[in-house]
Amino acid sequence: MSTCHCLLLSGICRSDPPPPKSKKPQRGTRPDAGPPPDLPVVIGRPVGQGGVNIPRDFVQVQRALNHVLPDLARADPCLADDGLVGPVTLGAIKKFQERNFGWFDQRVDPAGKTLAKINNFLATQPNPGGPQPHRGKKRGRESLIGQGA
């Protein structure tokens with residue numbers, strides 16, 4: 001005899017278990033992004049192409065890239081936070097740098113531009129489902145051009 005997991009309004013019992021509850025998304029991320037990095041992300045040595053690649057530092061960068069919003073060039077697919085240097089993680093660093101700087105070296109330095117930009121995004125990106133920043137309208141003098149101003 002099977003166990004009733006779900007009694008329907010009709011009085012019929014379904015024996016299949018209820019679906020698992022979904023994880024609540026972290027700040028500004030998709031639900032499958034995995035554990036968040038320590039914020040702000042701080043690394044002791046360079047990671048990526050030509051870096052020292054200390055696993056605990058590399059894990060922080062992998063987690064951070066997973067949690068960046070898609071329009072800011074997050075890692076896709078999600079990176080395994082295994083601390084291992086590989087082509088997928090190097091590609092994610094490259095994608096992030098190309099999108100945000102127009103150049104890439106596939107390296108994240110402790111006091112460099114890439115880490116600063118990642119930390120800025122993680123600190124300021126909106127919560128999923130929450131109020132979104134107003135996009136599409138320019139502010140300042142540019143918005144007045146063409147409006148008779």
Side-chain angles (χ1 to χ4, degrees), residues 5-9 14 16-149:
H5 292 286
C6 181
L7 183 60
L8 302 175
L9 291 175
R14 290 185 11 202
D16 53 327
K21 293 182 180 179
S22 62
K23 294 189 314 182
K24 182 180 177 186
Q26 298 294 323
R27 178 174 174 80
T29 64
R30 59 190 181 209
D32 64 340
D38 298 331
L39 295 175
V41 177
V42 177
I43 58 175
R45 304 298 299 259
V47 299
Q49 187 71 39
V52 177
N53 297 318
I54 296 172
R56 71 176 172 270
D57 289 342
F58 211 76
V59 165
Q60 288 302 302
V61 171
Q62 288 171 321
R63 288 179 178 178
L65 289 170
N66 283 343
H67 283 269
V68 169
L69 287 174
D71 54 336
L72 304 174
R74 73 169 175 217
D76 194 19
C78 276
L79 303 171
D81 58 348
D82 55 12
L84 301 174
V85 181
V88 176
T89 303
L90 291 174
I93 294 170
K94 176 183 176 182
K95 174 183 165 185
F96 182 86
Q97 290 175 327
E98 279 183 319
R99 164 66 171 80
N100 291 289
F101 305 118
W103 54 262
F104 67 90
D105 61 6
Q106 295 182 301
R107 182 171 156 149
V108 181
D109 292 307
K113 289 182 178 183
T114 303
L115 188 58
K117 182 67 86 175
I118 289 170
N119 277 320
N120 180 52
F121 286 160
L122 294 177
T124 61
Q125 60 193 11
N127 290 324
Q132 300 296 314
H134 185 67
R135 293 179 192 231
K137 262 194 176 177
K138 292 182 180 180
R139 300 195 183 263
R141 190 176 183 314
E142 293 84 15
S143 65
L144 300 175
I145 297 174
Q147 296 180 1

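Worth knowing before you read on, the calculation uses all heavy atoms, side chains too, and leaves out hydrogens, waters and symmetry mates. All figures in this text were calculated on a predicted structure; none of them were measured in a lab.
Gln106 places no side-chain N or O within 3.5 Å of a backbone atom of Gln49 that could act as its donor or acceptor partner. Proximity of a side-chain donor or acceptor of Gln62 to a complementary backbone N or O of Thr89 within less than 3.5 Å is not detected.
Residue pairs meeting the salt bridge (Lys or Arg N to Asp or Glu O under 4.0 Å) criterion with at least one partner in residues 51-60, sequence neighbours excluded, do not occur; the list is empty. Identified under the salt bridge (Lys or Arg N to Asp or Glu O under 4.0 Å) test for residues 79-106, with sequence neighbours left out: Arg63-Asp81.
Residues Arg107 and Val47 have side chains not in contact (no heavy-atom distance under 4.5 Å, counting atoms from C-beta outward). With a 4.5 Å cut-off on side-chain heavy atoms, Phe58 and Leu84 do not count as touching. A 4.5 Å side-chain heavy-atom check between Asn120 and Thr124 finds at least one atom pair inside the cut-off. Taking 4.5 Å as the limit, every side-chain heavy atom of Leu115 sits out of range of all side-chain heavy atoms of Asp109.
Under the rule for a side chain to side chain contact (heavy atoms under 4.5 Å, CB included), the partners of Pro110 that lie at least two apart in sequence or sit in another chain are Ile43, Pro46. Scanning for side chain to side chain contact (heavy atoms under 4.5 Å, CB included) contacts around Asn100 gives Ala73, Phe96, Lys117, Phe121, with sequence neighbours left out. Not counting sequence neighbours, Asn119 has no partner by the side-chain hydrogen bond (donor to acceptor under 3.5 Å, both in side chains) test. Listed by chain and number, the residues in a side chain to side chain contact (heavy atoms under 4.5 Å, CB included) with Val88 are Leu79 (sequence neighbours excluded). Listed by chain and number, the residues in a side-chain hydrogen bond (donor to acceptor under 3.5 Å, both in side chains) with Asp38 amount to none (sequence neighbours excluded).
Listed here is the closest heavy atom pair of Lys113 and Phe101: O-CZ, 3.5 Å. Across every non-hydrogen atom of Asn53 and Gly48, the tightest pair is OD1-N, 2.6 Å. Listed here is the closest heavy atom pair of His67 and Pro35: NE2-O, 3.2 Å.
Between atom CD1 of residue Ile54 and atom CD of residue Gln60 there is a gap of 12.5 Å, rounded to the nearest 0.5 Å.
Arg74 has no carboxylate O lying under 4.0 Å from a charged side-chain N of Asp76, or vice versa, which leaves the two without a salt bridge.
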